[in-house]
Amino acid sequence: MKIIAIGRNYAAHIAELNNERPSEPVIFMKPDTAVLRNNAPFYHPDFSKDIHFEVEILLKIDREGKYIDQKFAHKYYNEIGIGVDFTARDIQAKCKEKGLPWEKAKGFNGSAPISAFLPKEEFDLSNLDFSLKQNGEIKQEGNTSLMLWNFDEIISYVSQFFTLKKGDIIFTGTPAGVGPIVVGDVLEAYIQEEKLLTVEIK
Ligand code: MG
């Protein structure tokens, strides 16, 4: 499986990092070794002093496809979840400065904790609240109505470049409020009122 992630999909998050608003979706990937399942803890690596949480709604692809038309995109995923796109912000800043790829800052071991997945029919996908707590305090609150590109647009766009396969996961971008983690933190991610993911930082 592969993980495809969308960067800069919420205007307020673009503003907080002083990024340019993109004219088309920003895509990057994480290897399967980034995935943490079943609320496994995250072991803070030594190479970064500034790892940030980014809570994001996930799509789980359940059918192979490429060049998917937007109007058929909904047929390619049946389940959603929530995840954290851990980002080594200090390394990413260096990469961005030099115009280099972000993989070291985004795809390291454990950088993609993901929840269990739930049937999308249970939710209004165009108006979905999600949030992240750090040590019990709400740090990020998002709603999918604020995405620059919605789920169907993302799938259509991504599938022009990468064949989507069953089991692939798409991270759909983070809202404002990203921030650093330290050892001992506990992150909890929610879709609406339901806590679906806990990550302890060790
Ligand atoms: Mg992200």
Side-chain angles (χ1 to χ4, degrees), residues 1-36 42 44-45 48 50-61 77 80-96 100-115 117 125 128-134 138-151 153-155 157-158 161-162 168-181 185 187-191 196-197 199 201:
M1 59 87 77
K2 59 185 173 290
I3 299 171
I4 296 167
I6 305 301
R8 304 182 191 174
N9 201 21
Y10 286 84
H13 171 63
I14 294 169
E16 74 179 347
L17 293 187
N18 293 315
N19 282 324
E20 195 180 319
R21 193 178 172 119
S23 56
E24 54 189 349
V26 173
I27 303 178
F28 60 92
M29 296 173 83
K30 293 179 187 257
D32 57 4
T33 45
V35 174
L36 292 180
F42 173 74
H44 196 302
S48 173
D50 193 26
I51 292 184
H52 278 201
F53 52 77
E54 297 189 356
V55 71
E56 310 198 5
I57 295 290
L58 311 178
L59 309 178
K60 190 174 175 185
I61 299 298
Y77 67 105
I80 66 165
I82 196 158
V84 177
D85 166 21
F86 278 131
T87 304
R89 200 68 76 199
D90 43 359
I91 294 175
Q92 188 191 33
K94 282 185 199 158
C95 293
K96 282 159 81 172
L100 295 172
W102 296 357
E103 267 69 15
K104 259 185 355 187
K106 286 286 198 181
F108 51 85
N109 290 338
S111 62
I114 61 174
S115 73
F117 286 81
L125 298 181
L128 188 64
D129 284 322
F130 61 106
S131 61
L132 180 109
K133 286 183 186 172
Q134 182 179 31
I138 291 196
K139 290 296 175 86
Q140 291 194 270
E141 287 180 288
N143 183 287
T144 54
S145 66
L146 300 172
M147 291 189 293
L148 302 186
W149 289 280
N150 67 31
F151 297 155
E153 290 167 331
I154 289 170
I155 283 176
Y157 184 81
V158 165
F161 302 92
F162 305 105
D168 289 349
I169 291 168
I170 301 181
F171 277 65
T172 60
T174 197
V178 301
I181 54 168
D185 280 353
L187 304 178
E188 296 163 300
Y190 293 73
I191 295 181
L196 291 171
L197 176 65
V199 188
I201 314 303

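Order of appearance sets the numbers: ligands from 1, and atoms from 1 within every ligand. Numbers for residues simply follow the sequence, beginning at 1.
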CA sep, side-chain torsions, deciding dist, call: F162, M29, side-chain contact (heavy atoms from CB on, under 4.5 Å): CA-CA 11 Å; F162 305 105; M29 296 173 83; 3.7 Å; yes
K96 NZ: over 12 foreign heavy atoms closer than 6.0 Å: yes
[X]: which N/O/S atom is nearest the Mg ion (ligand 1)?
{"X": "D85", "result": "OD2"}
{"X": "E56", "result": "OE2"}
{"X": "E54", "result": "OE1"}

Side-chain donor or acceptor of E141 paired with backbone N/O of D129 under 3.5 Å: no
Backbone of G177 reached by a side-chain donor or acceptor of E16 within 3.5 Å: yes
